[in-house]
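What follows is one structure encoded as structure tokens, with my remarks underneath.
We count ligands from 1, going down the list as the structure has it; atoms in each ligand are counted the same way.
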Amino acid sequence: MTDQRLQPVHIIGGGLAGSEAAWQIATRGIPVILHEMRPQRATAAHKTAALAELVCSNSFRSDDREHNAVGLLHEEMRRLGSLIMRAADANQVPAGGALAVDREGFAAAVTADLAAHPLIDIRREEIAALPPADWDSAIVATGPLTSPALAEAIARLTGADALAFFDAIAPIVHRDSIDMSVAWLQSRYDKTGPGGSGADYINCPLTREQYGVFVDALLAGDKVSFHEWERATPYFDGCLPIEVMAERGRETLRHGPMKPFGLTNPHAPDVKAYAIVQLRQDNKLGTLFNMVGFQTKLKHGEQTRIFRTIPGLEKAEFARLGGLHRNTFLDAPKLLDGELRLRADPRLRFAGQITGCEGYVESAAIGLLAGRFAAAARRSEVLPPPPPTTAHGALLAHITGGHVETIDAGPRSYQPMNVNFGLFPPLGHPVKGESGQRLRGTEKTLAKKRALATRALADLERWMVGAERAVAAE
Ligand SMILES: Cc1cc2nc3c(=O)[nH]c(=O)nc-3n(C[C@H](O)[C@H](O)[C@H](O)COP(=O)(O)OP(=O)(O)OC[C@H]3O[C@@H](n4cnc5c(N)ncnc54)[C@H](O)[C@@H]3O)c2cc1C
């Protein structure tokens, strides 16, 4: 009988996710065939033949593991033996509190380590169709610029609506940073809809004057331009950027995402708002709310400045800012199970940005998990998902089910997301100072983040011990 462990796991795409997945699988004694199409076939953004090429910035963002969710993700990845983090740490360049890398040194280190591993076979070829029937375990990690032939094959398998070729990202706000003495909860015309309560939206009212100032700011605000190869980005009617809507007429937004009708402000029931911004719950935990219909190409600094002029959002903390890019990503909460397997064809796992996470580090982290799940399955072990209190678990839970689907028209509500503390289950107890005193303001925010990070690392350690026990008991 064939020893199943000697059967390779195939990985399509040697970017951030595919490289990490390959490492995790091979270091568990299982052979890997890594199929990377470069340099045979290029993408619009990659410039080299190196694996794990960074296509834009050379930053892995904050390395602060106590107060920043991506810094915490770095630390968890280090503890989980990440190749991407090892190469990043070895090729670090000065960047204050951020982890930035020498991009060539970084990619060369990842490429060399993978090439030197005896269980990894790197094949430079495009996989232009769904994996053949004799690949019983494969990870698709082809990223935001998945080659068109493979993307079309995936779209045929999943249904065209389930694979997006562009994102249309509206900003997301941390619920506890919204001023509810100004804003209020109510659904338009108090409609309950399926699963609603009649009070599912947070509403922020604007006077006529505030609306005018807001529209002027949108029109004047600095926008990000499209890359040359993104120019064909279609503006679907349901997802026009708000600044484009504002350009079409000063009243357009009032008849679109800023409609004031069917809503009454309980703080001032006799005053009719001229326009209203609505925010809708984004995750099952209820910690994040997205600004409905506010997809935008305004620069991030401009978004923060302009959106904080909206009454109720003066102190808004943004978990994600808006954007519109060429991207390829699945409607993962619907299509993938808790181990990143395609429900319709479980021999296929997905990893990296194609699952709807966003960023180098997040893509690599999801590659790490996909690799570990695939390795465990090959060894007939059971690997439970990391607890949702860890950064890996929070991100995985978001991708595979934590997002709240909506029924409204407009862009698909599942859109790319960076890791952030809004994805973590809340603490369940108030944070106190060292001598038990009540904390306020920034001090409280920092203490909460520290407590979330401490809980995450403790839970990660427990999960790692559990996973190792399962291997030892085999
Ligand atoms: C233009 C652009 C700029 C970005 N800038 C940043 C940034 O500054 N910071 C940040 O954190 N994130 C950025 N991102 C987002 C994202 O985090 C990165 O794209 C990241 O590289 C995603 O990792 P991945 O492994 O999912 O995909 P990738 O790193 O893109 O890897 C996918 C790999 O699959 C290969 N491939 C594709 N199709 C096939 C096929 N059919 N057969 C074989 N191989 C195939 C590709 O050649 C590529 O090597 C950017 C994305 C884009 C498109």
Numbered atoms and elements of ligand 1 in range of Gly352, under 4.0 angstrom, heavy atoms: 26 (O)
Is there a side-chain contact between Asp161 and Asp331 (heavy atoms, below 4.5 Å)? no
Shortest protein heavy-atom distance from atom 19 (O) of ligand 1, along with the residue and atom involved: Pro144 CG, 3.3 Å
Distance filter under 4.0 Å to His35 heavy atoms, resulting ligand 1 atoms: 43 (C), 44 (N)
Against ligand 1, does Glu125 come closer than 4.0 Å with any heavy atom? yes
Can you tell me which residue and heavy atom of the protein come closest to atom 16 (C) of ligand 1, and the distance to 0.1 Å? Gln353 OE1, 2.8 Å
Atom indices of ligand 1, in the order listed, that fall short of 4.0 Å to a heavy atom of Ala141: 32 (C), 33 (C), 34 (O)
So which of Thr146, Ile366, Asn327 actually passes side chain to side chain contact (heavy atoms under 4.5 Å, CB included) with Ile354? Thr146
Gap between atom OG1 of Thr390 and atom CG of Leu460 - 0.5 Å precision: 6.0 Å
Can you tell me the protein heavy atom closest to atom 49 (O) of ligand 1 and the distance? Glu36 OE1, 2.7 Å
Looking at Glu104, I want to see if its CD is surrounded by more than 12 non-hydrogen atoms of other residues, nucleotides or ligands under 6.0 Å. no
The complete set of side-chain hydrogen bond (donor to acceptor under 3.5 Å, both in side chains) pairs with one or both residues in residues 368-377, sequence neighbours excluded, reads Gln24-Arg372
What residue and heavy atom of the protein are closest to atom 30 (O) of ligand 1, and at what distance? His46 CE1, 3.4 Å
Under 4.0 Å, heavy-atom basis, I'd like to know which part of Thr43 is in contact with ligand 1: side chain, backbone, both or neither. side chain
Nearest to atom 2 (C) of ligand 1, what protein heavy atom do you find, and at what distance? Val55 CG2, 3.7 Å
Does ligand 1 come near enough to Arg326 that some N or O of the ligand is less than 3.5 Å from an N or O of the residue? no
Numbering the atoms of ligand 1 from 1, which are under 4.0 Å from a heavy atom of Ala17? 25 (O)
Any side-chain heavy-atom pair of Arg61 and Glu362 under 4.5 Å: yes
Please find out if less than 6.0 Å separates the ring center of Phe106 from that of Tyr360. no
Between Met85 and His74, is there a side-chain heavy-atom distance shorter than 4.5 Å? yes
Give me the residue, atom name and distance of the protein heavy atom closest to atom 5 (N) of ligand 1. Cys56 CB, 3.1 Å
Counting heavy atoms only, which part of Ser147 comes closer than 4.0 Å to ligand 1: side chain, backbone, both or neither? both
Cationic N near anionic O, under 4.0 Å, Arg305 to Glu302: yes
Among protein heavy atoms, which sits nearest to atom 20 (C) of ligand 1, and what does the distance come to when rounded to 0.1 Å? Tyr360 CD2, 3.9 Å
Close side-chain approach of Arg343 and Leu335, heavy atoms under 4.5 Å: no
Per atom 44 (N) of ligand 1, closest listed option by heavy atom (Gln40, Met37, Arg61): Met37
Would you mind finding which of Gly143, Ala44, Gly18 brings a heavy atom closest to atom 24 (P) of ligand 1? Gly143
Within-cut-off N or O pair, His227 and ligand 1, under 3.5 Å: no
Spacing of Asn68 atom CG and Arg65 atom CZ [to the nearest 0.5 Å]: 13.0 Å
Quick one: does Ala128 get within less than 4.0 Å of ligand 1, heavy atoms only? no
Interfacing atoms of ligand 1 (cut-off 4.0 Å, heavy-atom, Ile12): 42 (N), 43 (C)
Of the listed options Leu16, Leu150, Val70, closest to atom 29 (O) of ligand 1 (non-hydrogen atoms): Leu16
Spacing of CD1 belonging to Ile33 relative to CZ belonging to Arg123, to within rounding of 0.5 Å: 4.0 Å
Between Arg38 and ligand 1, does any nitrogen or oxygen pair lie at a separation below 3.5 Å? yes
Looking at Asn283 and Leu288, would you say the former's side chain and the latter's main chain have a donor-acceptor pair under 3.5 Å? yes
Is a donor on one side and an acceptor on the other found under 3.5 Å between the side chain of Glu20 and the backbone of Leu83? yes
Mark up the atoms of ligand 1 that fall under 4.0 Å of a heavy atom belonging to Ser57, in ascending order. 8 (O)
At what distance is the nearest protein heavy atom to atom 17 (O) of ligand 1, and which residue and atom is it? Gly359 C, 2.8 Å
